[in-house]
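Written below as structure tokens is the structure these notes are about.
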Amino acid sequence: MVVTMDYETLLGGLKAAHLDTGTMISPGLARLLACQAGVIPVVLGGGSQVLDVGRKRRFHSEVQRVALGVRDGGCTTIGCDRAASWCEAHHEVAWSRGGGTSVEGGRLLCSRHHHLAHHPSYDTTHHPGRKISFNRRE
Ligand SMILES: [Zn+2]
Ligand SMILES: [Zn+2]
């Protein structure tokens, strides 16, 4: 899948991104997709010249994904018991803010909680034991 978005969108702007199918998706969904393996974002600068096609190293490799599964066991949200096979690898620090793809910088989240992790209305709280919880902002 190829996601096309301009640089401001990737960094949190409000403009929409486009899938290669022509479908418009929200910037939040675009960043959620970009957080997961298998997506190659094409970042466009002014005048739509291509700035960056898929820095694939940003994505967790299959080996790292397995390591995350062994360490985290499943969704790392407090009170969630989704197994690792249902989870997605999430970057603790978003790639757009300079985060890497190391196992240390990643965690497993189920689809629902991964959405919350990227939702602009939710704050993430970190707890001992690498657990996190989400709180809706006022
Ligand atoms: Zn994520
Ligand atoms: Zn979960």
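Atoms within a ligand are numbered from 1 in the order they appear, just like the ligands themselves.
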Problem - Donor-acceptor side-chain pairing of R130 and T76 below 3.5 angstrom - result: no
Exercise for the section: With side chain to side chain donor-acceptor pair (under 3.5 Å) as the test, would you mind laying out the steps for R137 and S121 before giving the verdict? Expected result: CA-CA 5 Å; R137 258 176 238 161; S121 303; over 6 Å; no
Practice task
With the Zn ion (ligand 2) as the centre, enumerate protein N/O/S atoms below 2.8 Å in chain and residue order.
Solution key: C75 SG, C80 SG, C110 SG, H113 ND1
Exercise for the section: Determine whether the aromatic ring centres of H118 and H114 lie less than 6.0 Å apart. Expected result: yes
Handout entry: Side chain proximity check, I132 to L109, heavy atoms < 4.5 angstrom
Key = yes
Problem - Shortest-distance N, O or S atom of H90 relative to the Zn ion (ligand 1) - result: ND1
Problem - Check: L108 and E88 side chains under 4.5 Å, non-hydrogen atoms - result: no
Practice task
Take F134 and T124, measure what side chain to side chain contact (heavy atoms under 4.5 Å, CB included) needs, and give me the verdict at the end.
Solution key: CA-CA 5 Å; F134 300 99; T124 304; 3.4 Å; yes
